[in-house]
2 protein chains.
Amino acid sequence: MQTATAPAQRKVPRPRADALRNRERIVTAAREMFVELGPEVPLDDIARRAGVGNATVYRNFPDRDALVREVVCSVMDRTAHAAAQALAETGDAFGALERFVHVAADERVSALCPMVTSTFDKDHPDLVAARMRVEQLVEEVMERARQAGQLRDDVGYGDLMVAVAQLSRPPAGTACPSVDRFLHRHLQLFLDGLRAPARSVLPGTAVTMEDLRQA
Amino acid sequence: MQTATAPAQRKVPRPRADALRNRERIVTAAREMFVELGPEVPLDDIARRAGVGNATVYRNFPDRDALVREVVCSVMDRTAHAAAQALAETGDAFGALERFVHVAADERVSALCPMVTSTFDKDHPDLVAARMRVEQLVEEVMERARQAGQLRDDVGYGDLMVAVAQLSRPPAGTACPSVDRFLHRHLQLFLDGLRAPARSVLPGTAVTMEDLRQA
DNA sequence: GCTAAACGGGGAGACGGTCCCCGGTTATTT
DNA sequence: AAATAACCGGGGACCGTCTCCCCGTTTAGC
């Protein structure tokens with residue numbers, strides 16, 4: 001903690017500039033390919049898309065899960081950012097919620113779900129931290145709309161996020177771009193169903209954050 | 001065409017009873033496993049679940065696509081049946097639509113989409129026949145609700161079916177049963193958004209059957 | 001310009017899915 | 001009930017694919 005340019009204790013001499021750049025390009029490429037082709041795309045393909053050799057991928061990430069985790073955290077951060085922006089809006093509370101949902105869908109929150117599977121540490125520190133940020137912010141956005149009497153009160157955080165994730169999932173298999181044509185229509189329809197007053201009585205109870213965690 | 005017991009021209013001496021039974025069990029097991037594990041489950045696993053040897057699977061279906069096609073047709077038939085029942089209901093038109101949606105979701109129409117990929121003949125006679133039946137019936141159910149002024153008129157067949165398929169997709173990876181807990185809640189929310197009068201203006205135009213076909 | 005870190009491509013190794021083979025079993029026919 | 005032919009089941013060979021290491025070459029940083 002002496003100088004800003006050499007903060008870490010020796011032994012970590014600071015990575016090279018191009019190394020950092022490559023790492024970032026890998027994460028970006030991985031996010032795109034996970035969304036398009038699913039969570040099982042060969043790492044070699046990701047490397048090619050990123051414009052690097054396959055060895056560079058395996059150097060930066062000890063195993064597939066490490067890469068997946070980084071991608072998931074990245075998407076969560078973007079989602080949290082979208083929620084924060086929605087919170088900053090001072091106008092219509094439900095309008096802010098709507099805007100958040102459409103932006104989050106474009107970030108492909110969807111891609112996360114298929115990956116949280118099998119050998120994957122859901123309790124990794126980085127993950128819980130990112131998750132908590134998102135939950136906190138989205139919950140606030142929803143609460144404000146609820147207070148304003150615009151959001152029906154029998155729905156929870158989990159209802160919103162799961163439905164958005166499901167609706168924004170690509171049709172699996174192809175990177176068919178047509179899904180985007182439908183996606184925002186269907187999100188809007190779902191949002192219309194979310195408005196107060198409720199037009200029906202829902203089965204079960206509101207899905208909370210805790211429900212998702214242990215699911 | 002002489003007697004009913006020997007209708008086929010010779011050379012097809014009629015399959016044995018247990019052979020038919022096995023074929024049926026394979027299709028059932030395949031539907032379950034496709035829904036739970038995705039369209040790439042090993043055929044050997046399907047055979048085990050069906051309680052038959054793997055050779056029996058390969059004997060009955062020349063290749064994977066043939067099995068997938070049979071499963072898809074089977075699900076479509078069930079869906080068409082659900083739609084027909086909804087049409088037969090004489091009460092509330094929108095209520096019939098709701099009931100159809102919830103039943104169709106339980107049939108896992110969802111499982112179809114991930115399979116319509118890569119090497120798969122979308123124009124196989126059996127498929128188009130089943131598809132046309134479903135389209136016809138569902139369109140009628142929707143039209144009746146629309147006429148009754150209960151269904152917003154800026155949505156089409158494609159909007160309904162794609163959204164239902166997406167919402168009823170299992171979270172991919174695990175056969176986590178919790179999804180069923182959410183599923184019907186989210187379907188109901190979506191249906192609420194479908195009701196007239198429209199609570200917002202949708203982006204794009206109504207998704208028709210033709211849109212889906214060439215997508 | 002020198003040094004060491006980082007890169008890239010090729011290929012070995014391993015895993016998993018598909019499909020065939022053949023001895024045993026079961027449904028049908030007379 | 002016996003004969004017969006279709007059908008079944010499990011084991012294993014073949015093949016494509018993904019992972020990951022190796023090593024000669026390049027490039028950033030001083």
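This one's a predicted model, so the numbers in the text were calculated from it and none came from an experiment. Residue numbering restarts at 1 for every chain, and letters A, B, ... go by the order of the sequence lines. Worth knowing before you read on, the calculation uses all heavy atoms, side chains too, and leaves out hydrogens, waters and symmetry mates.
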| task | Under 4.0 Å between any heavy atoms, over every strand shown, what does Asp63(B) touch: base, sugar-phosphate, or nothing? Just pick one. | result | nothing
| message | Using a 4.0 Å heavy-atom cut-off, does Arg59(B) contact any base of the nucleic acid, only the sugar-phosphate backbone, or nothing at all? | response | base
| query | Any side-chain N or O of Tyr58(A) less than 4.0 Å from the OP1 or OP2 oxygen of dT19(D)? | reply | yes
Using a cut-off of under 3.5 Å, enumerate the N/O to N/O pairs linking the protein to nucleotides 25-30 of chain D.
unit_1, atom_1, unit_2, atom_2, d
dT27(D), O2, Arg16(A), NH1, 3.4
dG29(D), OP1, Ala17(A), N, 3.1
dC30(D), OP1, Arg14(A), NH2, 3.3

Please report the distance, rounded to the nearest Å, between [atom1] in [X] and [atom2] in [N].
| X | N | atom1 | atom2 | result |
| --- | --- | --- | --- | --- |
| Ile26(B) | dC7(D) | CD1 | C1' | 12 Å |
| Leu43(B) | dG16(C) | CG | P | 16 Å |
| Glu40(A) | dG17(C) | CD | C1' | 13 Å |
| Arg23(B) | dA6(D) | CZ | P | 18 Å |
| Asp44(B) | dC8(D) | CG | C1' | 15 Å |
| Phe61(B) | dC19(C) | CZ | C1' | 16 Å |
| Ile46(B) | dG9(D) | CD1 | C1' | 17 Å |
| Asn22(A) | dC7(C) | CG | P | 5 Å |

Atom pair [atom1]/[atom2] of [X] and [Y] - distance to nearest 0.5 Å:
| X | Y | atom1 | atom2 | result |
| --- | --- | --- | --- | --- |
| Asp211(A) | Thr205(A) | CG | OG1 | 6.5 Å |
| His81(A) | Glu107(A) | NE2 | CD | 10.0 Å |
| Thr28(B) | Glu32(B) | OG1 | CD | 6.5 Å |

| When you check the side-chain N and O atoms of Asp192(B) and Ser200(A), is any donor under 3.5 Å from an acceptor? |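 Yes, side-chain donor-acceptor contact under 3.5 Å.
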| said: Run the salt bridge (charged side-chain N to carboxylate O under 4.0 Å, His left out) test against Glu89(A) and tell me which residues pass, sequence neighbours left out. | reply: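 Counting only residues at least two positions away or on another chain, Glu89(A) forms a salt bridge (charged side-chain N to carboxylate O under 4.0 Å, His left out) with Arg99(A).
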| said: From C-beta outward on Ala19(B), which listed nucleotide comes closest to its side chain: dC19(C), dA6(C), dC7(D)? | reply: dC7(D)
| Of the nucleotides dC21(D), dT18(C), dC7(C), which one has an atom closest to the side chain of Pro42(B)? | dT18(C)
| message | Donor-acceptor pair, distance only, cut-off 3.5 Å: does the side chain of Arg185(A) make one with the backbone of Pro203(B)? | response |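 Answer holds: yes.
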| Is Asn54(A) side chain donor-acceptor paired with the dG10(C) base, going by distance under 3.5 Å alone? | yes
| request: Step by step, work out the salt bridge (charged side-chain N to carboxylate O under 4.0 Å, His left out) result for Glu36(A) and Arg49(A). | output: CA-CA 13 Å; Glu36(A) 289 178 20; Arg49(A) 160 95 67 124; 3.3 Å; yes
| field | 5' precedence on DNA chain D between Arg64(A) and Gly51(B) (nearest-nucleotide basis) | value | Gly51(B)
